[in-house]
Amino acid sequence: MPKEGFVTSITRQSEDFPGWYNDVVLKAELADYSAVKGCMIIRPYGYAIWESMQGELDRHIKATGHSNMYFPLFVPKSLLDKEASHVEGFNPQVAWVTHAGGKKLEEWLAIRPTSEAIIAESVKDWIHSYRDLPMLMNIWNNVVRWEMRTRLFLRTTEFLWQEAHTFHATAEEAADEVRTGLDCYVKVAQDWLAIPVIQGRKTEAEKFPGADYTWCIEAMMRDKKALQAGTSHNLGQNFARAAGIEFLDRDNIRKHAYGTSWGFSTRMVGATIMTHGDDSGLVMPPNAAPVQVVVVPIFRKDEEKAAVAEAIDKFTAALASTPEGKAVRVKVDWREESPGFKYNHWELRGVPFRLEIGPRDVAAGQGMLVKRVDRSKEPVPLMQLAAEMPARLAAYQAELFQRALDFRAANTHNADTFEQLRDGLDGEGGFFMAPWCGDTKCEKQINEEIGATIRCIPFDSPDEKGKCLKCGGESERRVLFARAY
RNA sequence: CGGGGUGUGGCCUAGUUGGUAAGGCGCGUGCUUUGGGAGCACGAGAUCGUGGGUUCGAGUCCCGCCACCCCGACCA
């Protein structure tokens with residue numbers, strides 16, 4: 001029997017979820033703390049996961065007509081100050097450069113907390129005519145938002161993300177664009193990361209500072225808390241007015257352009273961990289898994305090693321003989337460690353399938369296939385497996401999504417009274433669909449009293465007359481309450 | 001910003017009434033091993049978070065500071 005190894009040194013989810021999360025991030029070598037408070041180092045395996053979702057999102061962004069470009073890290077104070085609600089919303093979180101070149105700066109420079117302000121200032125010189133619109137831009141960069149309390153991937157002072165910024169001739173086009181952005185996020189979250197999301201609109205209190213309205217996707221983590229997984233904002237003409245972005249329309253009238261912006265960050269690495277992971281570590285969705293199949297050779301003597309190597313070579317060659325098979329990310333672990341060590345090593349990293357091949361398997365022309373998500377073991381003839389691998393990965397991906405969907409469904413409830421909401425959150429937890437009058441005062445009171453926020457007003461929430469949890473006023477439909485990250 | 005906690009090789013920890021730092025993991029080398037975190041041997045690795053104070057002598061006692069973690073508050 002194995003002694004207590006470091007698998008058991010991962011805090012159990014049921015004991016302490018944040019502790020579990022931290023253990024997994026650090027021990028799976030996704031990230032580490034750095035010399036800078038609140039800032040993290042993303043290590044190769046964590047960065048590979050980010051690159052996977054980044055690549056997929058980038059494909060969607062380009063497919064919908066957006067071009068990548070780059071804007072400066074610094075935003076002059078005067079520019080940030082132009083849009084009133086924007087500056088008010090972000091000021092507490094902005095880091096400023098006040099000195100440079102050994103001198104005090106005449107004008108402070110903000111380290112961008114987001115780029116609306118500097119982009120608006122820049123594009124006003126590029127937009128003159130309705131023919132210049134729409135202008136569809138996307139930027140992959142880092143931003144800095146000073147945080148009191150940080151958590152690896154979920155909330156760090158500096159983080160990586162994508163921010164799309166678009167300008168349009170009409171309000172309708174801008175509204176369509178908000179949908180386009182959100183659709184990109186829904187696809188990446190659900191189809192790539194197997195994270196089911198609820199789409200909806202943020203309340204006035206929760207919307208982006210400077211936006212007319214904000215749409216979002218919200219996901220449920222395995223501790224039943226909510227995580228905002230992406231936001232898409234309709235900026236209306238707010239920034240265009242502040243920066244003076246005007247164009248001559250086809251009716252020969254000067255108009256302010258309509259703007260949108262939408263963002264998706266490294267927080268989604270954390271979402272992936274907390275949606276699928278278990279007490280042995282990560283459980284990666286195959287699409288986003290840096291390694292999809294790990295082969296663990298087992299042998300004692302040199303002859304056995306040679307025979308096992310030959311079988312593995314045949315398997316990988318057979319796999320690579322079709323385009324779909326060639327695309328499978330296989331890793332053969334020849335390190336001089338014991339098989340048991342490797343099992344745990346790759347389970348911690350969430351590799352979907354492990355293929356054990358030892359002398360007994362070679363004799364039978366098979367391999368022992370182990371599924372990470374449920375640890376089920378199945379002997380499979382190697383040539384058959386090579387042919388089936390792409391389909392098995394696809395099935396695994398679908399299974400993870402369904403599992404997450406079932407989990408969310410099992411933990412989503414209606415609450416009709418304040419007491420039901422409170423007791424539900426304090427008890428089993430989860431998502432609660434509850435009537436709300438639409439008043440920010442009620443929303444804030446509920447937040448102060450029980451720590452729950454309105455995550456969104458879901459698009460698929462049906463019309464249903466009710467009485468607001470807090471004030472008893474008229475409610476048109478239920479909204480999503482939860483405790484959130 | 002409030003409350004709590006922790007700082008000792010890379011990691012986890014021990015360190016007695018104050019006496020000159022110990023163990024485990026990991027790391028390196030060698031041999032034996034390999035179907036769920038292998039064993040033995042040898043070896044490298046620490047100005048004990050930091051600054052002061054008390055003392056013949058401080059990891060240990062006193063004061064200040066810093067950092068990090070947890071829980072709140074706040075937060076895209």
Side-chain angles (χ1 to χ4, degrees), chain A residues 1-11 16-19 21-23 26-27 29 32-40 86 89-94 112-116 143-152 154-157 159 161 163 202 205-211 214-216 218 227-233 261-267 280-281 296-302 304-305 308 333-348 354-364 366-368 370 375 377 379 444 447-448 451 453 455 483-485:
Chain A
M1 284 296 287
K3 288 183 301 194
E4 294 228 327
F6 66 63
V7 165
T8 48
S9 72
I10 296 178
T11 306
D16 172 12
F17 196 85
Y21 177 80
N22 254 327
D23 283 349
L26 296 174
K27 291 183 181 185
E29 297 178 343
D32 206 346
Y33 296 106
S34 73
V36 191
K37 180 176 176 149
C39 295
M40 69 172 186
H86 186 63
F90 276 107
N91 242 344
Q93 290 186 280
V94 175
R112 63 179 165 226
T114 179
S115 301
E116 276 77 6
V143 291
V144 167
R145 298 183 187 177
W146 218 253
E147 297 289 349
M148 294 190 222
R149 220 179 122 195
T150 57
R151 305 194 55 186
L152 295 167
L154 301 175
R155 176 171 289 111
T156 47
T157 296
F159 59 90
W161 74 342
E163 45 177 327
K202 284 289 185 192
E206 297 274 337
K207 76 177 184 185
F208 178 78
T214 291
W215 285 4
C216 65
E218 293 283 329
L227 184 79
Q228 179 176 298
T231 47
S232 185
H233 318 292
S261 68
W262 28 289
F264 177 105
S265 76
T266 36
R267 168 183 270 192
S280 297
V296 178
I298 294 157
F299 54 86
R300 290 164 198 268
K301 294 168 267 180
D302 283 349
E304 288 176 344
K305 182 177 181 181
V308 166
D333 189 351
W334 280 112
R335 289 179 302 169
E336 295 191 12
E337 299 284 359
S338 70
F341 179 93
K342 294 173 186 174
Y343 299 167
N344 287 284
H345 177 91
W346 294 110
E347 281 180 9
L348 174 61
R354 173 173 81 240
L355 181 60
E356 308 171 9
I357 301 181
R360 295 202 294 269
D361 301 305
V362 172
Q366 66 177 33
M368 188 62 75
V370 184
R375 271 209 188 77
K377 288 194 176 191
K444 289 218 158 121
N447 184 14
E448 279 162 22
T453 49
R455 302 315 304 156
R483 291 195 174 129
Y485 278 94

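Throughout, protein chains are lettered first and strands after them, A, B, ... in sequence-line order, and every chain is numbered starting at 1. These values consider heavy atoms only, across backbone and side chains, with no hydrogens, waters or symmetry-generated copies.
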Interatomic distance at P, B:G28 relative to B:U54, whole Å:
47 Å
Atom P, compared across B:U60 and B:U6: separation rounded to whole Å
16 Å
How far does the P atom of B:A14 sit from the matching atom of B:C31, given to the nearest Å?
38 Å
Could you measure between the two P atoms, the one in B:G2 and the one in B:C65, and give it in whole Å?
13 Å
Does A:Glu147 reach the main-chain N or O of A:Arg155 with its side chain, forming a donor-acceptor pair under 3.5 Å?
no
Does A:Lys305 reach a base, just sugar-phosphate, or nothing at all? Heavy atoms under 4.0 Å.
nothing
Tell me if a side-chain donor or acceptor on A:Arg267 pairs with a main-chain N or O of A:Gln228 at a distance below 3.5 Å.
yes
Take the angle between the ring planes of A:Phe208 and A:His86 and call it parallel below 30°, perpendicular above 60°, tilted in between.
tilted
Search all heavy atoms of A:Pro339 against all heavy atoms of A:Ile298 and return the closest pair with its distance.
CG-CG1, 3.9 Å
Determine the Euclidean distance between corresponding C1' atoms of B:U17 and B:A58; express it in Å to zero decimal places.
14 Å
Can you say whether the rings of A:Phe159 and A:Trp161 are parallel (under 30°), tilted (30 to 60°) or perpendicular (over 60°)?
perpendicular
Within 45° of the ring axis of A:Tyr343 and under 6.0 Å from its six-membered ring centre, is that where the NZ or CZ of A:Arg354 lies?
yes
Can you tell which of B:G36, B:C69, B:G35 lies closest to the side chain of A:Asp361?
B:G35
Rounded interatomic separation in angstrom, taking OH from A:Tyr21 and C1' from B:C69:
16 Å
Hey, does the side-chain of A:Arg300 have a donor or acceptor N/O within less than 3.5 Å of a partner on the base of B:G35?
no
Protein-proximity profile, nucleotides 71-76 of chain B, B/S/- by nucleotide at the 4.0 Å heavy-atom cutoff, equals SBBBBB
Contact under 4.0 Å: A:Ser338 side-chain N or O vs B:A38 OP1/OP2
yes
Between B:G36, B:U34, B:C69, which one does the side chain of A:Tyr33 approach most closely?
B:C69
Minimum-distance nucleotide to A:Arg360 side chain [options: B:C70, B:G36, B:G35]:
B:G35
Base-pair map of RNA chain B as dot-bracket, where | denotes pairing with a different strand and pairs are Watson-Crick or G-U under 3.5 Å
(((((((..((((.....[..)))).((((((.....)))))).....(((((..]....))))))))))))....
